[in-house]
*Asks:* 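Got a structure for you, questions after.
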Amino acid sequence: MATNTQEQQSQAGRHQEVGHKSLLQSDALYQYILETSVYPREAEPMKELRELTAKHPWNLMTTSADEGQFLNMLLKLINAKKTMEIGVYTGYSLLATALALPDDGKILAMDINRENYELGLPVIQKAGVADKIDFREGPAMPILDQLVEDEKNHGSFDFIFVDADKDNYLNYHKRLIELVKVGGLIGYDNTLWNGSVVAPPDAPMRKYVRYYRDFVLELNKGLAVDPRIEICMLPVGDGITLCRRIK
């Protein structure tokens, strides 16, 4: 008969393999949240896109269903109308955003891979929200620099969501803080980075986790002392930090 310690170790092992998008203590608890709160309320297009994305070889890149639900409600609470998304993948978080915005809402969406975006595009089109999306293929930095150059773009975005190359997060922040309005929000995804932010340097990690870990730590330190924002770090998905611009 397995001891309590063995059961806990077994459960922890399963959780590590299955639940990189959740930092909860057990997969059973995370599954409870999904089955009780998320899946019963998930819009049909969101479900279709989630299931489509699950078949993609890079599906670990997608926004988790609970985080998609969170973003959708958050956007409604702040009455967002003009938003930006850096890092789209197949568009699960993008669809969550588009469904939350009013009919005349707009999203500037950027990703280096149009092919992944077009995988989810038929679902977005079927949901009737594709006209809200202005998709730009390529690195975000040149687009952001162009936006910052024109002062009419300063303070014009209600919400910005970043789920892209972690080594550029601080570079993005320098530009996004000019583009989001005072009182608006920037959301940085993966700020707990698979829990590695509290792991010893010699702890076993996947190569990509280890590579980006220091960049995530640097971002978290930088946001914590930035006087232009209020912050709230939430253990939703792989960690999301909300930054509210106050000046």
Side-chain angles (χ1 to χ4, degrees), residues 17-21 38 42-72 75 82-101 105-147 157 159-169 171-173 175-176 179 186-191 193-194 206-212 215-216 237-240:
E17 290 302 315
V18 176
H20 107 285
K21 287 292 183 182
V38 180
E42 188 178 35
E44 191 59 36
M46 296 290 293
K47 178 182 178 182
E48 183 178 352
L49 184 50
R50 174 171 56 82
E51 292 177 345
L52 177 69
T53 304
K55 300 173 184 176
H56 194 273
W58 301 343
N59 58 47
L60 289 179
M61 292 171 55
T62 192
T63 300
S64 62
D66 56 321
E67 186 172 12
Q69 183 187 57
F70 170 74
L71 291 173
N72 183 272
L75 286 157
K82 183 180 180 182
T83 73
M84 181 192 302
E85 182 159 332
I86 302 176
V88 171
Y89 186 42
T90 61
Y92 188 80
S93 58
L94 185 62
L95 180 55
T97 299
L99 290 171
L101 297 186
K106 296 296 179 184
I107 312 165
L108 175 59
M110 294 168 254
D111 199 288
I112 59 173
N113 191 323
R114 178 179 287 274
E115 184 178 347
N116 289 335
Y117 168 65
E118 290 184 344
L119 184 67
L121 184 56
V123 180
I124 294 172
Q125 290 172 329
K126 188 164 65 173
V129 293
D131 61 323
K132 298 179 183 180
I133 300 168
D134 175 11
F135 179 83
R136 312 275 184 92
E137 182 180 21
M141 207 70 71
I143 300 173
L144 295 178
D145 285 338
Q146 188 177 22
L147 289 171
F157 288 87
F159 180 77
I160 301 172
F161 183 60
V162 185
D163 183 9
D165 42 335
K166 317 308 170 195
D167 45 346
N168 261 324
Y169 269 26
N171 290 325
Y172 292 147
H173 185 67
R175 293 155 175 81
L176 298 180
L179 298 172
I186 307 172
Y188 291 103
D189 202 24
N190 305 116
T191 51
W193 199 228
N194 202 37
R206 294 176 182 177
K207 186 181 294 186
Y208 77 94
V209 173
R210 182 176 299 281
Y211 175 77
Y212 287 114
F215 293 109
V216 174
D238 194 26
I240 179 172

*Asks:* Is the charged tip of Lys166 near the ring of Phe215: under 6.0 Å from the six-membered ring centre and within 45° of its axis?
*Replies:* no
*Asks:* Quick check: closest heavy atoms across Ala43 and Leu99, and the distance to 0.1 Å?
*Replies:* CB-CD1, 4.2 Å
*Asks:* With heavy-atom distances below 4.5 Å as the criterion, would you say the side chains of Arg136 and Leu108 are in contact?
*Replies:* yes
*Asks:* I'd like to know if the side chain of Tyr89 and the backbone of Asn113 have a donor-acceptor N/O pair within less than 3.5 Å.
*Replies:* no
*Asks:* Evaluate side-chain contact (heavy atoms from CB on, under 4.5 Å) for Leu60 paired with Arg206, printing each intermediate quantity in order.
*Replies:* CA-CA 13 Å; Leu60 289 179; Arg206 294 176 182 177; 3.9 Å; yes
*Asks:* State, yes or no, whether a side-chain contact exists between Ile107 and Leu101 at a heavy-atom distance under 4.5 Å.
*Replies:* yes
*Asks:* Heavy-atom count check: over 12 atoms from other residues, nucleotides or ligands less than 6.0 Å from Glu51 CD?
*Replies:* yes
*Asks:* Which atom names give the shortest non-hydrogen contact between Asn72 and Ala96, and what distance separates them?
*Replies:* ND2-O, 2.9 Å
*Asks:* Decide whether Glu67 and Ser93 meet the rule of one side-chain donor and one side-chain acceptor closer than 3.5 Å.
*Replies:* no
*Asks:* For the CD1 atom of Ile160 and the NE2 atom of His173, what is their distance to the nearest 0.5 Å?
*Replies:* 10.5 Å
*Asks:* Between Lys106 and Asp134, is there a side-chain N and carboxylate O pair less than 4.0 Å apart?
*Replies:* no
*Asks:* Any side-chain heavy atom of His56 within less than 4.5 Å of one from Asn116?
*Replies:* yes
*Asks:* Are any of the side-chain heavy atoms of Asp145 and Arg175 separated by less than 4.5 Å?
*Replies:* yes
*Asks:* Can you give me the closest heavy-atom contact between Gly68 and Thr63, atom names plus distance?
*Replies:* N-CG2, 3.9 Å
*Asks:* Using modelled atom types and a 3.5 Å cut-off, is there a donor and acceptor pairing between side-chain atoms of Asp189 and backbone atoms of Asp163?
*Replies:* no
*Asks:* For Pro139 and Ile112, work out which heavy atoms get closest and say how close.
*Replies:* N-CG2, 3.9 Å
*Asks:* For a side-chain hydrogen bond (donor to acceptor under 3.5 Å, both in side chains) check, start with the C-alpha distance between Thr90 and Thr53, then their side-chain angles and the critical distance, and finish with the verdict.
*Replies:* CA-CA 7 Å; Thr90 61; Thr53 304; 2.7 Å; yes
*Asks:* With side-chain contact (heavy atoms from CB on, under 4.5 Å) as the criterion, how do Tyr212 and Asp167 come out once you've worked through the C-alpha distance, each side chain's angles and the decisive distance to 0.1 Å?
*Replies:* CA-CA 7 Å; Tyr212 287 114; Asp167 45 346; 3.6 Å; yes
*Asks:* What is the minimum heavy-atom distance between Ile133 and Tyr117, and which atoms define it?
*Replies:* CG2-OH, 3.7 Å
*Asks:* Please name the pair of heavy atoms, one in Leu52 and one in Leu119, separated by the smallest distance, quoted to 0.1 Å.
*Replies:* CD2-O, 3.3 Å
*Asks:* Do Lys126 and Glu48 make a side-chain contact, defined as non-hydrogen atoms from C-beta onward lying under 4.5 Å apart?
*Replies:* yes
*Asks:* Would you mind reporting whether Val162 and Tyr169 have side-chain heavy atoms less than 4.5 Å apart?
*Replies:* yes
*Asks:* Calculate, to the nearest 0.5 Å, the distance between atoms CE and CD1 belonging to Met110 and Ile143 respectively.
*Replies:* 5.0 Å
*Asks:* Main chain of Asp238, side chain of Trp193: is a donor-acceptor contact present, judged purely on distance under 3.5 Å?
*Replies:* no
*Asks:* Check for a donor-acceptor pair, side chain of Tyr172 on one end and backbone N or O of Ala140 on the other, with a separation under 3.5 Å.
*Replies:* no
*Asks:* Step by step, would you call Met46 with Leu95 a side-chain contact (heavy atoms from CB on, under 4.5 Å)?
*Replies:* CA-CA 7 Å; Met46 296 290 293; Leu95 180 55; 3.5 Å; yes
*Asks:* For residues Leu179 and Met84, determine if any side-chain heavy atom of one lies less than 4.5 Å from a side-chain heavy atom of the other.
*Replies:* yes
*Asks:* Where do Ile186 and Phe161 land on the side-chain contact (heavy atoms from CB on, under 4.5 Å) test, with the steps shown first?
*Replies:* CA-CA 6 Å; Ile186 307 172; Phe161 183 60; over 6 Å; no
*Asks:* Look at the side chain of Lys132 and the backbone N and O of Gly105, then say whether any donor-acceptor pair between them is shorter than 3.5 Å.
*Replies:* no
